[in-house]
Amino acid sequence: MTPIFWFRRDLRYFANEALIAAVENGASEALFFVCEKQWREHDVAPIQIDLLKRRVAWLGEALAQHAITLHIVEVDTFAEIPKALKDFCDERSTNLVYANTEYEVNERERDRLCQTQGLELKLYDGDLVAPPHSVKTKSGEMFKVFTPFKKAWLKQYEQTHFYIPSWPKEKSANYTTWQVAKCLTSYGSSSKWPVDDENIAQIANHFIEYKCGKYQAQRDIPSVKGTSGLSPYLALGIISVKQLLAQLQLYYPDILHTTSSSEFCWVNELIWREFYRHLIISFEQLCRHRNFNEKYDAVVWRQDEQQFSAWCEGRTGYPIVDAAMRQLNQTGWMHNRLRMIVASFLTKHLLIDWRRGEKYFMQNLIDGDLASNNGGWQWAASTGCDAQPYFRIFNPIAQSEKFDPQGDFIRKYVPELNEVPDKHIHFPHDYLALKQSSDYVAPIVDHKEARARALAAFKV
């Protein structure tokens, strides 16, 4: 029976084991479901939807070179997919579908309903290096602390010697672009992010060859482009973690055995990504936005719409927080160190529920991803797995002084502070009071008072 391939958040044809297996078994057609209503319900950011649609359009053209026709099927929600997929398969006299697994609860239920339609889904673990439930404690449970998970993950990775399958011999094909173009209207907001493989490969190669060695030293400095810039492509499966690890090992053959090196520092972040994915597979409550650590259900969060709006808009009176939020609002991306700072500020200084911040991030980030976003927010809020202890409360002024000492990043996004001297830039209010003229907002909360309030709230 000739299979078809179902694209999801795996929008690549290189290092896509499921796609290559489908092609080797005769697949010449693939499809992608556009689910606008479902994406809105899942708070997918418009900028990410735009990047996704641009990539799908490019992918359709690229697949044509391999004799694969990509079809776009429009539905409102996941609930409509099983019937739509069954109809698509019936028209082609097949019930065999190859795809990569998506691990969230709604997606797994969607797949279960597809199977009740008589469809045979051959699912691969294309978004993970270590398959689900394969990295376990000696008692057979999921790790609840990152470091032992990392050690077990590295050991398993070394033993399995995974391979990246090669694409079958190229065939020619005729291809009509209207199939993808008709429902892939661009929002026009992700244009700064290329979607073709050549440019994406250049970004990855440049980082690995020239910047990975400096990653440990530069990754926390928001005014420097010290991060990889690959997170949007990982979130949509445009590039795979296996692909990146293989590339890293070409440049640094001993990287997995030198865990204190700067190069490994970036690998460590990729393993955190794996950790959070394994967590949402093992603990479904994370997909339902529940606290991982249930004892923190007792924390009483504040309902302050004015302060939440000030945080969203970058009007808190703390320059590093405001610059970070304005970067998110203007670009659809935020530097990783700043994500921790603003998340700590919302959950500890303002004592506002982490779920509100998680939602706002998903609605605005080009690299929005449930597992990583939920994991990061619960880490900052101290409610998550292996999270920072509740009494660790970032001082936004100290963080600013440490990671943006000259205020270069602050001035880029908070131009009303352009004339403030470096020594005052991190908390400029006394200086601005002397000047008796400023467009910058007053602080919405006092650091010491907010810290004391958070400690009292979390001690329950």
Side-chain angles (χ1 to χ4, degrees), residues 142-151 153 216 219-222 227 231 265-266 268-280 282-283 285-286 289-302 311 316 318 320-321 324-325 328 334-362 365 369-404 445 447-460:
M142 170 60 191
F143 286 94
K144 296 182 181 179
V145 178
F146 172 71
T147 299
F149 173 88
K150 176 178 69 174
K151 291 178 179 178
W153 186 94
Q216 192 169 31
R219 66 178 183 144
D220 286 323
I221 305 173
T227 59
S231 58
C265 186
W266 189 57
N268 202 63
E269 297 304 308
L270 297 178
I271 302 174
W272 268 106
R273 182 179 185 273
E274 291 265 311
F275 181 57
Y276 286 142
R277 271 158 174 67
H278 281 254
L279 283 174
I280 68 166
S282 298
F283 303 99
Q285 70 266 31
L286 297 178
H289 308 287
R290 296 176 186 167
N291 291 327
F292 177 86
N293 194 333
E294 294 179 354
K295 72 179 182 180
Y296 289 110
D297 291 349
V299 173
V300 179
W301 302 104
R302 296 175 61 247
W311 177 83
T316 67
Y318 286 82
I320 196 67
V321 174
M325 295 305 296
L328 172 62
M334 186 191 292
H335 187 278
N336 185 60
R337 167 57 59 174
L338 302 180
R339 297 186 196 203
M340 292 189 282
I341 293 172
V342 302
S344 179
F345 190 88
L346 183 73
T347 57
K348 303 294 176 63
H349 281 72
L350 303 185
L351 205 60
I352 290 176
D353 197 330
W354 61 266
R355 281 160 280 236
R356 300 195 68 181
E358 178 197 43
K359 181 183 179 77
Y360 189 79
F361 266 32
M362 283 298 291
L365 281 172
D369 169 270
L370 175 63
S372 296
N373 193 44
N374 180 280
W377 272 96
Q378 292 222 47
W379 180 88
S382 303
T383 62
C385 183
D386 200 13
Q388 66 171 344
Y390 76 87
F391 49 82
R392 185 185 178 200
I393 299 173
F394 281 2
N395 180 331
I397 303 170
Q399 290 283 309
S400 182
E401 291 171 341
K402 184 175 183 180
F403 299 116
D404 190 28
V445 66
H447 168 65
K448 289 183 179 179
E449 293 175 0
R451 186 178 187 279
R453 180 175 63 186
L455 290 173
F458 276 82
K459 280 181 180 177
V460 299

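The analysis underlying the following values was restricted to heavy atoms, covering all of them including side chains, and did not include hydrogens, waters or symmetry mates.
- Listed here is the closest heavy atom pair of Ile280 and Ala371: CD1-CB, 3.8 Å.
- Between Thr227 and Glu269, every side-chain heavy-atom pair lies at or beyond the 4.5 Å cut-off.
- Qualifying ring-ring contact (aromatic ring centres under 6.0 Å, His included) partners for Phe458, counting only residues two or more places apart in sequence or in other chains: Tyr296, Trp301.
- In this structure a side-chain-to-backbone donor-acceptor pair under 3.5 Å is missing from Gln388 to Ser382.
- In this structure, Asp369 pairs ionically with Arg277, as a charged nitrogen and a carboxylate oxygen lie closer than 4.0 Å.
- Taking each heavy atom of Ala381 and Lys348 in turn, the nearest pair found is O-CE, 3.9 Å.
- Counting all heavy atoms, side chain and backbone alike, Ile320 lies closest to Pro396 at CG2-O, 3.4 Å.
- Interatomic distance, Trp266 CH2 to Leu270 CG, rounded to the nearest 0.5 Å: 5.0 Å.
- Annotation: Phe146 is in aromatic contact with Trp272 [ring centroid separation under 6.0 Å].
- Summarising the geometry, atom CZ belonging to Arg219 is positioned 7.5 Å from atom CG belonging to Asn268; distances are rounded to the nearest 0.5 Å.
- Side chain of Arg355 to backbone of His289: a donor-acceptor contact under 3.5 angstrom is found.
- No side-chain heavy atom of Tyr318 sits less than 4.5 Å from a side-chain heavy atom of Ile341.
- In terms of modelled atom types and a separation under 3.5 Å, the side chain of Asn291 and the main chain of Asn293 share no donor-acceptor contact.
- Trp311 places no side-chain N or O within donor-acceptor distance of the main-chain N or O of Met325, the cut-off being under 3.5 Å.
- Side-chain contact between Tyr390 and Lys459 is present, with heavy atoms from C-beta onward closer than 4.5 Å.
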Step-by-step side chain to side chain contact (heavy atoms under 4.5 Å, CB included) determination, His278 to Phe143: CA-CA 9 Å; His278 281 254; Phe143 286 94; over 6 Å; no

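- Side-chain contact between Trp377 and Leu346: present, with at least one pair of heavy atoms (C-beta onward) separated by less than 4.5 Å.
- Qualifying side-chain contact (heavy atoms from CB on, under 4.5 Å) partners for Met362, counting only residues two or more places apart in sequence or in other chains: Asp43, Asn373.
- Summarising the geometry, atom CE belonging to Met142 is positioned 5.5 Å from atom OG belonging to Ser282; distances are rounded to the nearest 0.5 Å.
- Residue Lys402 holds its NZ atom at 11.0 Å from CD1 of Ile221, rounded to the nearest 0.5 Å.
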Which atom pairs, one a donor and one an acceptor, fall under 3.5 Å between side chains of residues 448-457 and the rest of the protein, sequence neighbours left out?
| from | atom 1 | to | atom 2 | distance (Å) |
| --- | --- | --- | --- | --- |
| Arg453 | NH2 | His349 | O | 2.7 |

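- Looking only at atom types and distance, the side chain of Gln378 has a donor-acceptor partner in the side chain of Thr383 under 3.5 Å away.
- Between Met334 and Phe361 the shortest side-chain heavy-atom distance falls below 4.5 Å.
- Of the possible polar contacts, one joining the Arg302 side chain to the Leu350 backbone as a donor-acceptor pair under 3.5 Å is found.
- Rounding to the nearest 0.5 Å gives a distance of 10.0 Å between CD of Glu274 and OG of Ser372.
- Taking the six-membered ring where tryptophan is involved, the planes of Phe275 and Phe149 are tilted, since the angle between them lies from 30° to 60°.
- Within the model, atoms CG of Asn374 and CD of Glu358 stand 4.5 Å from one another, a figure rounded to the nearest 0.5 Å.
- Here the shortest heavy-atom pairing between Leu338 and Ala324 reads CB-CB, 3.7 Å.
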Candidate pair Phe345 and Val445, rule side chain to side chain contact (heavy atoms under 4.5 Å, CB included), full reasoning: CA-CA 10 Å; Phe345 190 88; Val445 66; 3.9 Å; yes

